[in-house]
Amino acid sequence: MAMIKEILALKKERQATILAHNYQIPEVQDVADLVGDSLELSRAAARLDSDIIVFCGVDFMAETAAILSPQKKVILPVSGAWCPMAHMITPEELHDLKSFHPEAAVVCYVNSTAEIKAESDVCCTSANGVQVVNSLSEKEVIFVPDRNLASYVARHTDKKIIPWDGYCYVHNNFTVEEVRAARAEHPNAEVLVHPECPPQVIDQADFVYSTAGMGRHARASAAKEFIIGTEVGMIYRLEKDNPEKEFYPLSKDAICHNMKKTDLAKVLRALQTLEPQVAVPEEIAARARTAIERMLAVKI
Ligand code: 13P
Ligand code: SF4
């Protein structure tokens, strides 16, 4: 296809790197240099040589890359691609929460704004939330903004977790009935769900993973069929990496509309114009960088 050729040629000419999240549409995943979960993409953004990063994902992901590499141009091909959960807590609300719990450490899920990261001690992703919380010396931890990830972490730590009431509408919609129905239809399948799912759905699953964790599990498992409790874009990635295995979405309606806003035409335009660029004011970025770098130093 002509547009793919144009993207690949311009990417080479500009020495740009295209990063894509696992939920991006197949065509976008296919032109990316790296497709991954939030942790893999943050690590890549921190170590990449290219001066230009085209980030196919949502706002907080591109912001994280811009915070880690302020000297690079980070382009989010669609400026309106955002994660609603990341905007479910304001800096003022976090200030209030901190004043009620002055002894507590503050952990923010990477699905948060730069301002929230700047007010936090450390960041985490769905891949390392438990390890990040357990690495802290404080006994109490404010965990924002995802209540479901907070509840998952609380089950795997002795620390007192103080959650915020945010959630991801895609994962929060999964139900126990959907898991039961999928298991009845595919009795030999393993059930993998994301920690953004509600606790009662997690209780019904065989395994809980970030999107990259699902990929690693599917490759290593002896099972041939899998029910996937996350955004449907993940199915393409899993099928591509494991052509001999079967993957069934827990719900075909689990669609993150903001992740689907990026298409090949937008990627091409981003490479042509180097717009829209994501930049975070340095006084916020400096504090947010500390929280992200502290997370990247935690071994998992
Ligand atoms: P992962 O880091 O597991 O890919 O999750 C990101 C996300 O936005 C989940 O909804
Ligand atoms: Fe945000 Fe949910 Fe979309 Fe992930 S799937 S980007 S958490 S709205």
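First listed ligand is number 1; within each ligand, the first listed atom is number 1. Note that the structure is predicted; figures quoted are calculated from it, not measured.
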Pair R147 + D165: basic N to acidic O under 4.0 Å: yes
D33/K11 ion pair, N-O < 4.0 Å: yes
Check ion pair D30-K240 (N to O, under 4.0 angstrom): yes
Residues that K261 engages under salt bridge (Lys or Arg N to Asp or Glu O under 4.0 Å), provided they are two or more places apart: none
Sidechain N-carboxylate O distance under 4.0 Å for K98, E119: yes
All pairs passing side chain to side chain donor-acceptor pair (under 3.5 Å) where residues 174-189 contributes a residue, at least two apart: R183-D206
Between the protein and ligand 1, are there any N or O atom pairs that come within less than 3.5 Å of each other, and if so, what are their names and distances?
unit_1   : atom_1 : unit_2 : atom_2 : d
ligand 1 : 2 (O)  : S38    : N      : 3.0
ligand 1 : 2 (O)  : S38    : OG     : 2.8
ligand 1 : 3 (O)  : S126   : OG     : 2.8
ligand 1 : 3 (O)  : H194   : NE2    : 2.8
ligand 1 : 3 (O)  : T211   : N      : 2.9
ligand 1 : 4 (O)  : H21    : NE2    : 2.6
ligand 1 : 4 (O)  : T211   : OG1    : 2.5
ligand 1 : 5 (O)  : H194   : NE2    : 3.3
ligand 1 : 8 (O)  : N111   : ND2    : 3.2
ligand 1 : 10 (O) : Y23    : OH     : 3.4
ligand 1 : 10 (O) : E196   : OE1    : 3.0
ligand 1 : 10 (O) : E196   : OE2    : 3.2

Aromatic plane relationship, Y169 with H257 - under 30° parallel, 30 to 60° tilted, over 60° perpendicular: parallel
Pairing of E40 and R216 as salt bridge, 4.0 angstrom limit: yes
In the protein, N/O/S atoms that are found under 2.8 Å from atom 3 (Fe) of ligand 2, waters not counted: C256 SG
In one Ile/Leu/Val/Met/Phe/Trp/Tyr side-chain cluster, 4.5 Å: L136, Y109: yes
